[in-house]
Asks: 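Dropping a structure here in structure tokens format, bear with me for questions.
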Amino acid sequence: MPTGSVKLHSIKKLGEENSSFANEEPNGAYMTMVDTKKDKSYSKKKEPAIRIGFFQLFRFASCQETLMMILGSLCAVLHGSAQPLMLLVFGMLTDTFIEYDIELQELLDPRKECVNNTIQWKNRSEADWLDSNKTDEMRNVTCGLLDIEYEMTNFAYYYVAIGLAVFLLGYFQISLWVKSAARQVKIIRKMYFRKVMRMEIGWFDCNSTGELNTHCEMKFDINKINDAIADQVGIFIQRFTTFVCGFAIGFVKGWKLTLVITAASPLIGIGAALMALFVAKLTGRELLAYAEAGGVADEVLTSIRTVAAFGGQQKEVERYDRNLIWAQRWGIRKGLIMGFFTGFMWLVIFLCYSLAFWYGSSLVVDAHEYTPGTLLQVFFGVLIAAMNLGQASSCLEAFAAGRGAATIIFETIDREPEIDCLSEAGYRLDKVKGDIEFHNITFRYPSRPDVVILDQLSVAVKSGETTAFVGPSGAGKSTAVQLIQRFYDPNEGMVTLDGHDIRGLNIQWLRSLIGIVEQEPVLFATTIAENIRYGRPGVTMDDIIDATKEANAYNFIMDLPQKFDTLVGEGGGQMSGGQKQRIAISRALVRNPRILLLDMATSALDNESEAVVQDALDKVRMGRTTISIAHRLSTIKNADVIVGFEHGRAVERGRHDELLERQGVYFTLVTLQSQGDKALNQSRFLRGHCRKASIRRRTRSQLSNLIPDAKSFISQANTEKVSVSCVQNGLEQVEECIEPAPVTRILKFNAPEWPYMLFGTVGAAINGGVNPMYSLLFSQILATFSIPDPEVQRKEIDGICVFFVLVGVISFMTQMLQGYAFSKSGELLTRRLRRMGFQAMLGQEVGWFDDHRNSPGALTTRLATDASQVQGATGSQIGMIVNSITNIGVAIIISFYFSWKLSLVIMCFLPFLALSGGFQAKMLTGFAKQDKEAMEAAGQISSEALNNIRTIAGLGKEQSFVEMFETHLEAPYRAAKKKANVYGACYGFSQCIVFLANSASYRFGGYLVSQEGLHFSLVFRVISAIVTSGTALGRASSYTPDYAKAKISAARFFQLLDRVPKISVYSNKGDTWSDFRGNLQFVDCKFTYPTRPDIQVLNGLNVSVKPGQTLAFVGSSGCGKSTSIQLLERFYDPDQGSLVIDGHESTQVNVAFLRSKIGIVSQEPVLFDCSIGDNIKYGDNQRDVSMSDVVSASKKAQLHDFVMTLPEKYDTNVGSQGSQLSRGQKQRIAIARAIIRDPKILLLDEATSALDTESEKTVQEALDKAREGRTCIVIAHRLSTIQNADIIAVMSRGFVIEQGRHDQLMALKGAYYKLVTTGAPIS
């Protein structure tokens, strides 16, 4: 490589900046290791088995890409040979200098003179007594021939020429590989997403959508493939070529020395390999622990209302912290191991130097086998070869990670879907009558093959008739409906349409005949009109309006400010349940379907909307084959045929009256439901809130489950003080609006670790001084070669070799010290910050979580990234900065001391050297951000598509999502192409600058030697000292982005820690009293949600309830029923008026105390991903709950018998969000959880609405028992559940319009009477 620098480099490891673009030098400074690319490839989650060969990664390359890759490889080979080529020039240059110096020394002897270009004795006779051989020897010393300046000019030209070639080769090598990879990755993304969208639904049941999504935004997996087929390949080829050429030079020029050095080099290789191995293992474990902690955080933040209601904050912080302890342990071990191996490698390197120079100099001085130049060529040839081999191996990790990632991706791409929704195959019938028949169907879900869902089911559905499926939860009703849509194929038997097996029909065509309305409809994050348009391509606006009128949605849409252009929010989160349902019904109607499937279509509506929607449905059923599933029997009494399901079979069918006579399943369900008041019986179709019970992936509405009515618009008026532009660009932008935190405050958090940091800093300072020491020793050795006296020469050389050993030992100790001390302080800080941040989040009031910027996803990410980024301003970063500063300081002192002129010339190049390092770092971080932004748009589409795959399949919209995704891939692809050129140019520049710096320095050095008598060894000393400091500077400048990021992250973190919650859970302030009775009064309460300040939810609510009484709220959705419950829990405080509890105003009561007296059961209970027993124990976090308490609570909640039927009983895991249980089972666990607290106040928010009739009866009994002696507030849409309440308060628009007992209100003949008898709206 280049001369001085070369050696340095190589040695310097830093210098190697040349070849190692990502400064991954193995002997690298400790820092290097921290931010190399390696870290990325380590993030292997659980690495899958690798079943893909390296060349298979390129299977999607076209001829053009193949050509680009071949040319790129060719450039890489030539580029790789440049460095060894440089050594040849460097060896000649060194010999020239030494020859010149020997000549000078000879001529210093006054007895000698230069005659005819050889050195002669002035007075021949004096020499007579000398040996003749001595004379001969002297005759060989030429003189006067060597014009050192002319020679140096030639060498300078060589350097420049090689430098320019390197620039061009480096540019093409990188840009060609990066461009070809960008094209291939785009193809892989397209193929993968397209294939995933074609998969049958059963495949999604077995693959978590979260993981698929990660592959699809393809944040990890496809990026890993990209890393494996892009610039890394070119860099690998280049480094490998350097390795081969370096050894070739070594063996050709001096095989003896080469063998000696090679003997020691395996130690470096072993050290590097072991380090990579351990670091990968530990990083994997650390990431796993962090992932588990992140899972805990995500689960807790998603169900923050439940955590708050049950006072589980402290418990959750502990649970989170337990996972962090493991991550911290692995992190500290990783730091220690990295320090140990880095130190070990430096030790070996210095020992190698010592051995090579000792043995090499004996070959030069004693055996005269080599010239000094040859010694350097051999030594550096082998060194560069070894270093490049080490660096090349870091590319292998990227290849392995890419192959691992490709295994999953390519296997998915190659998998043939069992039910291919995009295939053109299959018949399309000319005329569809609409007769559907199930023939002996047996079915199990692919994700639970041991549970039989449908068992020999046979049912016929006649065209044009409405058939109702009824039966208890889990009887297979919804499953039958999914078989009609062909989401699954039955294991045995067949489903026919007009006598044709539906497996022979074209899927898209079949699904286009079907309109489906589910109980939890999925809307897409676009406008209302677009959502309806998904029903059928190309519908006109008039069709949309007609459909909304039929579905009773037109009026509410026209009331919205943007009418049909209103955005519904992600998952429809901005709409209430009833509004979503009506939009979904409009979407089904606009298809004008032959077959209508209603899966509890009206269950999410209040009476008012239900009556109207039910009318709309009755209208649209005419002339269509309709299958209706419902728990509310009122909704299906007038069906043409009612089919009773039980245990996956159809056990009876007939009309309403026939089935009642038969006294079977249907009869039981009806009698259970109609034991209410006679008046209520007449209007039986007042509805229930039941939810589909088969276990299925469900989208939860984004705004928490407790507030069905909080789902209207997050107001455009953002009250936060963040500038508007910030809000628009979401989280990314918020960063810019934050003042970076002062470093002093960050360090304060790290204060308890000051002894570690002190020792680490000392270690780092000594390490920094080691590098320049090397240039001193190295040039000293060159100087010895021109000493005339062999004795003196030997002694000098031995001394220097011993010194090398000493430096190596010191370096080993300090590297270890630095590695361990900083990883310890950094990991402790990260854990401390994560824990504090999580605790601060859980301490915020619930209203804070309504802000979209504080969604669970955003908060979890903030916890993960911010805490670890703060390390960038403390810990190992300090070490690296100290290291670089001492390195630069010592180097500059040395160089200016020995030759200030030469130092100044070289200093001119320093900015470029530093710049090329810093520039690369900057550029890549810049591109990473652009890439991320570009991919985010595509990522949103893929995540929406995968989370709502059933709805998309039902609507037959897979193709349009695939097309949307593909158009969004164009932007990242264009960005990648642009990046390839910039990246290539920077790479070329950073590689060639060293050559140019050398050419100038040696040329000027030659001038100083000849004109100013500077000793040649000082030229090498100054050049090598400065070049090392230049690379150190480059490294230091590459930390600045980390440092800046750390300050911003810290600022975000401190913002969170400093925020004072409006309602503080952790404070001990506030009233507490011993005889809590539960006497509640709402006095003129007014309230608006903080995120929607323009919508008045409570408007002067006045109602009171005495201890032990039951208060029931009734009224239509959005009238403020659930809101009043949230005020009582103190999730929010009223804006005006007050809520008085036992004579204390709620805002004065201690939050934790108040919540501990309240038990809540909501309509969509949130369960945690742990066992049934643990979920019940969660009800009381103040004490250690015994198993007998759990059993007695679950007996009261009618849950015990069901739990005992499970194989693992109370240790059965309920799955994420309780997904392994039916609605009714989850509800009963929630009730047991509320009972175990023994609360004084019980809040039931539609607690039985999700149950079928049978479970509802038992749960209702359980609730009646639980209510005894407690103040109870009940919310229900179904009036039968509340007619025996002590007070019934009818609410409308946020205040009570009438209240009293059931019979009093019936006598009044007011709103309540109207509601009960007709279900008419409460106006």
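All values derive from a computational prediction rather than experimental measurement. Computed from heavy atoms alone, side chains included, the values below leave out hydrogens, waters and symmetry copies.
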Asks: What distance separates Ser960 OG from Ile952 CD1, expressed to the nearest 0.5 Å?
Replies: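 CD1 of Ile952 is found 7.5 Å from OG of Ser960.
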Asks: If I compare all heavy atoms of Ile201 with all of Ala953, which pair ends up nearest, and what's the gap?
Replies: CD1-CB, 4.1 Å
Asks: For Asp414, enumerate each residue passing the salt bridge (charged side-chain N to carboxylate O under 4.0 Å, His left out) test, keeping only those at least two apart in sequence or located in another chain.
Replies: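 Salt bridge (charged side-chain N to carboxylate O under 4.0 Å, His left out) list for Asp414, sorted by chain: Arg59.
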Asks: Side chains of Ile629 and Val481, heavy atoms from C-beta outward: is any pair under 4.5 Å?
Replies: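 When only atoms from C-beta onward are counted, Val481 and Ile629 do touch, with a gap below 4.5 Å.
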Asks: Below 4.5 Å, heavy atoms only, C-beta onward: do Leu497 and Leu513 meet side chain to side chain?
Replies: yes
Asks: If every non-hydrogen atom of Ser586 is compared with every non-hydrogen atom of Ala547, which pair is closest and at what distance?
Replies: O-CB, 3.6 Å
Asks: Hey, could you give me each pair passing side-chain hydrogen bond (donor to acceptor under 3.5 Å, both in side chains) that has a residue in residues 587-596? Not counting sequence neighbours.
Replies: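 For residues 587-596, and leaving out neighbouring residues, the side-chain hydrogen bond (donor to acceptor under 3.5 Å, both in side chains) pairs sorted by first residue read Asn592-Arg624.
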Asks: Does anything in residues 956-965 pair up under salt bridge (Lys or Arg N to Asp or Glu O under 4.0 Å), and if so which pairs, sequence neighbours excluded?
Replies: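 Sorted result for residues 956-965: Arg511-Glu958.
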Asks: Any chance you could lay out the side-chain contact (heavy atoms from CB on, under 4.5 Å) test for Tyr427 and Asn506, step after step, and finish with the verdict?
Replies: CA-CA 5 Å; Tyr427 302 112; Asn506 177 283; over 6 Å; no
Asks: Would Val470 and Val643 count as a side-chain contact (heavy atoms from CB on, under 4.5 Å) if you check the C-alpha gap in whole Å, the side-chain angles of each, and the deciding distance to 0.1 Å?
Replies: CA-CA 6 Å; Val470 297; Val643 179; over 6 Å; no
Asks: Start with the C-alpha distance between Arg655 and Val641, add both sets of side-chain angles, then the distance that settles side-chain contact (heavy atoms from CB on, under 4.5 Å), and finish with yes or no.
Replies: CA-CA 5 Å; Arg655 295 188 61 86; Val641 179; over 6 Å; no
Asks: Glu530: which residues meet the side chain to side chain donor-acceptor pair (under 3.5 Å) condition with it, sequence neighbours left out?
Replies: Arg533
Asks: Measure the shortest side-chain to side-chain distance between Ile642 and Glu652 over non-hydrogen atoms and say whether it is less than 4.5 angstrom.
Replies: no
Asks: Could you note down all residue pairs passing salt bridge (Lys or Arg N to Asp or Glu O under 4.0 Å) where residues 494-506 supplies at least one of them, sequence neighbours left out?
Replies: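 Residue pairs with at least one partner in residues 494-506: Asp501-Arg503.
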Asks: What residues, two or more places apart in sequence or in another chain, satisfy salt bridge (charged side-chain N to carboxylate O under 4.0 Å, His left out) together with Arg194?
Replies: Glu966
Asks: Nearest 0.5 Å, please: how far is CG in Asp489 from CZ in Phe443?
Replies: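 It comes to 8.5 Å.
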Asks: With no hydrogens and no angle check, just 3.5 Å: does a side-chain donor-acceptor pair link Gln482 and Arg950?
Replies: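 There is such a pair between these side chains.
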Asks: Check step by step if side-chain contact (heavy atoms from CB on, under 4.5 Å) holds for Leu454 and Thr442.
Replies: CA-CA 5 Å; Leu454 297 180; Thr442 302; over 6 Å; no
Asks: With a 3.5 Å cut-off and no angle check, do the side chains of Tyr534 and Thr951 form a donor-acceptor pair?
Replies: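 The answer is no; no qualifying pair exists.
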Asks: Tell me the closest heavy-atom pair linking Ile514 and Ile484, and the distance in Å.
Replies: CD1-O, 3.9 Å
Asks: Looking just at side-chain N and O atoms, do His439 and Ser458 make a donor-acceptor pair shorter than 3.5 Å?
Replies: no
Asks: Under the criterion salt bridge (Lys or Arg N to Asp or Glu O under 4.0 Å), I'd like the reasoning laid out for Glu646 against Lys477: C-alpha separation, chi angles, the key distance, then a yes or no.
Replies: CA-CA 9 Å; Glu646 195 169 42; Lys477 310 183 293 292; over 6 Å; no
Asks: Between Asn531 and Thr527, is any pair of side-chain heavy atoms under 4.5 Å apart?
Replies: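 Heavy-atom side-chain distance check fails, nothing below 4.5 Å.
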Asks: Taking the side chain as every heavy atom from C-beta outward, state whether Asp435 and Thr625 have any pair of such atoms under 4.5 Å apart.
Replies: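 No, too far: nothing below the 4.5 Å cut-off.
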Asks: Considering all heavy atoms of both residues, which atom of Ile544 and which atom of Ala529 are nearest to each other, and what is their separation?
Replies: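 In terms of heavy atoms, the two residues are closest at CD1-O, 3.9 Å.
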Asks: Distance check, rounded to the nearest 0.5 Å: Leu510 atom CG versus Arg486 atom CZ?
Replies: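 Reported value, rounded in 0.5 Å steps: 8.0 Å.
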Asks: To the nearest 0.5 angstrom, please state how far the CG atom of Leu597 sits from the CD1 atom of Ile595.
Replies: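 Output value for this atom pair is 7.0 Å.
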Asks: Report yes if some heavy atom in the side chain of Thr479 is under 4.5 Å from a heavy atom in the side chain of Phe487; otherwise report no.
Replies: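 No, side chains not in contact.
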Asks: I'd like to check Ile441 versus Met494 (side-chain heavy atoms, cut-off strictly below 4.5 Å). Are they in contact?
Replies: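 The answer is no; the side chains never approach within 4.5 Å.
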Asks: Any ring pair (Phe, Tyr, Trp, His ring centres under 6.0 Å) involving residues 489-520? Give me the pairs, sequence neighbours left out, ordered by first then second residue.
Replies: none
Asks: Looking at every heavy atom in both Glu200 and Pro417, which two are closest together, and how far apart are they?
Replies: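 In this case the closest contact between Glu200 and Pro417 is OE1-CA, 3.6 Å.
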Asks: Strictly by ring pair (Phe, Tyr, Trp, His ring centres under 6.0 Å), give each pair with a member in residues 451-472 just once, sequence neighbours left out.
Replies: Phe469-Phe645
Asks: Restricting to salt bridge (charged side-chain N to carboxylate O under 4.0 Å, His left out), what partner residues turn up for Asp546, sequence neighbours left out?
Replies: none
Asks: For residues Leu483 and Ile502, report the shortest heavy-atom separation together with the two atoms involved.
Replies: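 Distance-wise, the nearest heavy atoms are O-CD1, 3.3 Å.
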Asks: Suppose we screen for salt bridge (charged side-chain N to carboxylate O under 4.0 Å, His left out). Which residues come up paired with Glu492, at least two apart in sequence or across chains?
Replies: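 Applying salt bridge (charged side-chain N to carboxylate O under 4.0 Å, His left out) to Glu492 gives none.
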Asks: Let me confirm one number: the CD1-CG distance from Ile453 to Asn491, rounded to the nearest 0.5 Å.
Replies: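 Interatomic distance, Ile453 CD1 to Asn491 CG, rounded to 0.5 Å: 10.5 Å.
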Asks: Kindly indicate whether the side chain of Arg189, heavy atoms from C-beta on, has any atom under 4.5 Å from the side chain of Phe193.
Replies: no
Asks: Can any side-chain N or O of Asp640 pair as donor or acceptor with the backbone N or O of Thr467 at less than 3.5 Å?
Replies: no
Asks: With rounding to the nearest 0.5 Å, note down the distance linking CZ in Phe438 to CG in Leu457.
Replies: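 Phe438 CZ to Leu457 CG: 6.0 Å, rounded to 0.5 Å.
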Asks: Got a sec, which pairs hit salt bridge (Lys or Arg N to Asp or Glu O under 4.0 Å) with one end in residues 450-469, sequence neighbours left out?
Replies: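 Matches after skipping sequence neighbours: Asp455-Arg649.
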Asks: Could you pull out all residues at least two apart from Glu424 that satisfy side chain to side chain contact (heavy atoms under 4.5 Å, CB included)?
Replies: Arg428
